[in-house]
Amino acid sequence: MNVAVAKTGNGRAVSDLFASAEGRLPGSPSVIAARREAFETYERLGLPHRRIEEWKYTDLRALVGEVLPLAAAPDAAALKRAADAVKAHAIAGARKLVLVDGVFAADLSDVKALAAEAGFRTLRETLEKDAGLLKTAATDAVIALNAAMATDGVVLGIADGVQLSAPIQIIHIATAPSASAFSRSQIVVGKGARATIIENFVAAGASAYQVSDAVLVTVGDNADVAHIRLMDDAPDAVNITSQFVTVGANTKLNVFNMTTGAAVSRLQGFITLAGEGSELSVNGVNLLQKTEHGDTTLVVDHAVPNCVSREVFRAVIDDRAHSVFQGRIIVRPDAQKTDGKMMIRALLLSDEAEADNKPELEIFADDVSCGHGATAGALDDTLLFYLKARGLPEKQAQALLIQAFVGEAIEQIADDDLREHVIGIAERWLERRS
Amino acid sequence: MALLEVKDLKVRVEEREILHGLTLTVNEGEIHAIMGPNGSGKSTLSHVIAGKPGYEVTDGQILFKGEDLLEMAPNERSAKGVFLAFQYPVEIPGVATMTFLRTALNAQRKARGESEYSTPDFLKKVREVSKSLNIPQDMLKRGVNVGFSGGEKKRNEVLQMALFEPSLCILDEMDSGLDIDALRIAADGVNALHSPKRAMVVITHYQRLLNYIVPDIVHVMSKGRVVKSGGKELALELEASGYAQFEDAA
Ligand SMILES: Nc1ncnc2c1ncn2[C@@H]1O[C@H](COP(=O)(O)OP(=O)(O)OP(=O)(O)O)[C@@H](O)[C@H]1O
Ligand SMILES: [Mg+2]
């Protein structure tokens, strides 16, 4: 068994991946040891496959096959492309932190402007001292692999009481074709602080690349946080991202995730409500076409009483694409008065489009109000005809109804500029439809 | 000149023939009224003219300005100047009325090779038209027809008609659900649009509407055919005696 999983499709030993990258991976000797340990976990488990329950619908062995070698440092031409991409995707007024092929690019970032309001270091810098940030409880191979290979990331600290005057925008740019980038970041928001953090994933002339990202988020008591992730990677890329979020008491956390790119993607979020009186809102949109496979898997863990969680997921699936939404709400025995609701709706634009929607409730407390629903269907012909009878061509009529369908999730973004930015990405997806 | 020519039209819905050879000619500048009992096929005719899917035309033809209408997609018909004010306008949640109006108007203009309206020009035009139809601006901020009362939905149809300036307007029971004042305002809107180049087909159950929109020709439809045509006095006759006399003719 070990031998079988330790070989990739073309027979190359997976350990080559680590061995060839090891010299370039940052960190003190103790960090390197931690990496090696994580890599051994990955080697032992191999890429997740359909017989692992959590990965049932996203068989990475079948969909991805092998992990590509670590991207080389970008050359001048790649950095120029990255700079153009930053311009194209920057949100007006936001403070940018840019990672090029998983490595922080200071020249493209607004470190100085940010420093006035938030603590910032790179992952690379923190790894010179200790391996703490590589440690995530991982029985999941992709998380272990990320720990072993993470080259860089942003480590953000927003102190207690700080109200950020502008959003922070983390832009992940891929410039290296047929290579992989591993990043890992930490965001700590202090008590009573207020922050908006946006993450973009985009390509700058790269294709067939792989992205592995991990984000560790801590939200302090009474904080107010919006966390938005917009994954618009190249149509033949792979993006596997894991988020670990711990939420304190009396907070407001608004999470929004949108997938508009990548041939194969998985976003797995693990959110723990660890303080009472918090309100969590998680909204997700998957826009998929061609043969894309997009998986959003979310676990919301109500560990304490008196929290509210709301999840609204929308998937629009065209051609032969495949959308997966797995949403689990766990209510621990102590978590009385939990109010947790989840609604998943899929819109199938073609007969060959596929949606796997799997809402799950695991409730161990008795005084709770929890519910979920999942629907899948096509566009309403009556509405389409009304629009066409008013002059809209088929594609445009569909586009209007698709925008209305995802609008319900996108509307949850409070900031006008940000919402427009997100709508712009969705519109470009609509224009790409054949 | 003939604007619309429906010739011996036979239409099936789900294997059942609804229109059994219907003929109707509407010339430029004319106002036609179509009356007829429930289920006689009036809405079916209007849907087939507008291009609604689900209807199978087994025989006959429809020409619009001499062109074969049945060959055209619904949006092409719209751009050519066919407009149907629906008996039952649908609600479209999440699509703002203003966005819808602008997208539709510009799509029609684009298809005709005309320039698109700029946002200020468009807003000005909508404001004028909605004012003349007594439609409050905040109604336009909502989703298309969402939460509109029955009468408001009908007024929104007339608003679109006034905005798009089509050459053939088919009004399917525009008067149902309108109160007396709203009826007069909507009828004024329709009359304002009337011109020597434009024709109206008014489908109604009530002679009352025809006091406001005075028809040149009244048709009686029964069981999928036009069974009688005449002047506006035919409507009064129907009001007095009902449809029984025509049921046999059909
Ligand atoms: N989709 C459908 N499936 C089956 N039968 C239909 C369908 N649409 C219409 N019909 C039938 O066709 C006939 C004509 O219907 P239509 O709606 O055209 O009548 P109408 O003259 O507009 O009636 P009303 O005055 O009540 O509006 C009716 O018997 C109706 O039941
Ligand atoms: Mg009818």
Side-chain angles (χ1 to χ4, degrees), chain A residues 256 258 283-285 287 312-316 343-347 349 351 373 375 377-413 416 419-420 422-424 426-431 433, chain B residues 46-55 72-112 114 116 142-146 153 156-157 159-161 163-166 170 172:
Chain A
F256 179 85
M258 186 161 82
N283 299 284
V285 173
L287 298 174
V312 174
F313 294 134
R314 293 281 181 274
V316 179
M343 186 65 206
I344 309 177
R345 285 177 65 195
L347 180 59
L349 298 178
D351 292 341
T375 65
L379 283 172
D380 185 326
D381 283 335
T382 318
L383 303 191
L384 270 178
F385 171 64
Y386 187 84
L387 295 174
K388 286 191 274 186
R390 295 303 182 242
L392 273 69
E394 175 79 28
K395 273 279 134 68
Q396 219 181 341
Q398 290 188 3
L400 220 49
L401 295 180
I402 293 166
Q403 279 173 298
F405 178 79
V406 298
E408 236 173 290
I410 293 177
E411 268 163 26
Q412 307 295 324
I413 300 171
D416 291 344
R419 205 171 48 247
E420 287 306 314
V422 171
I423 290 170
E427 281 174 352
R428 285 196 291 282
W429 182 88
L430 286 166
E431 283 159 16
R433 286 188 67 209
Chain B
S46 67
H47 287 155
V48 173
I49 292 171
K52 187 171 179 171
Y55 298 89
M72 296 177 209
N75 51 302
E76 294 173 296
R77 300 180 195 201
S78 162
K80 294 250 184 223
V82 175
F83 182 91
L84 167 62
F86 288 93
Q87 181 174 4
Y88 303 109
V90 293
E91 298 192 11
I92 315 182
V95 177
T97 303
M98 284 302 242
T99 308
F100 159 69
L101 293 175
R102 195 177 58 221
T103 313
L105 182 60
N106 281 335
Q108 291 180 28
R109 292 180 65 87
K110 196 175 162 202
R112 291 193 294 262
E114 298 166 9
E116 296 187 8
R142 290 191 248 161
V144 177
N145 291 327
V146 176
K153 283 180 187 164
N156 193 20
E157 295 289 290
L159 168 76
Q160 292 171 47
M161 195 174 90
L163 201 60
F164 302 153
E165 302 178 79
I170 303 169
D172 193 356

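In what follows, chains are A, B, ... by sequence order, proteins preceding strands, each numbered from 1. Scope of the values below: all heavy atoms of this structure, side chains included, with no hydrogens, waters or symmetry mates.
Taking A/E394 as the reference, A/K388 meet the salt bridge (Lys or Arg N to Asp or Glu O under 4.0 Å) condition, with sequence neighbours excluded.
In this structure, chain B has a heavy atom under 4.5 Å from the side chain of A/Q396, while its backbone stays farther away. Heavy atoms of B/A50 lying under 4.5 Å from chain A belong to its backbone as well as its side chain.
To the nearest 0.5 angstrom, A/R390 atom CZ is 14.0 Å from B/T103 atom OG1. Between the OH atom of A/Y386 and the CD atom of B/E157 there is a distance of 3.5 Å, given to the nearest 0.5 Å. Here CG of A/L400 is found 7.0 Å from OG1 of B/T99. Values are rounded to the nearest 0.5 Å. Of the inter-residue distances, the one linking A/T382 atom OG1 with B/K52 atom NZ reads 6.0 Å to the nearest 0.5 angstrom.
Nearest heavy-atom pair across B/P53 and A/F385 is CD-CD1, 3.8 Å. The minimum heavy-atom distance linking A/A389 with B/P74 is given by the pair N-CB, 4.2 Å. Annotation for A/G391 and B/A107: closest pair O-CB, 3.3 Å, computed over non-hydrogen atoms.
Put simply, the side chain of A/L383 does not reach to within 4.5 Å of the side chain of B/V95, judged on heavy atoms.
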Could you walk me through whether B/V144 and A/L387 satisfy the side-chain contact (heavy atoms from CB on, under 4.5 Å) test, starting with their C-alpha distance in whole Å, then the side-chain angles of each, then the deciding distance to 0.1 Å, before giving a yes or no? CA-CA 10 Å; B/V144 177; A/L387 295 174; 5.9 Å; no
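Contacts classified as salt bridge (charged side-chain N to carboxylate O under 4.0 Å, His left out) and involving residues 73-86 of chain B (residues at least two apart or in different chains) are given here: B/E67-B/K80.
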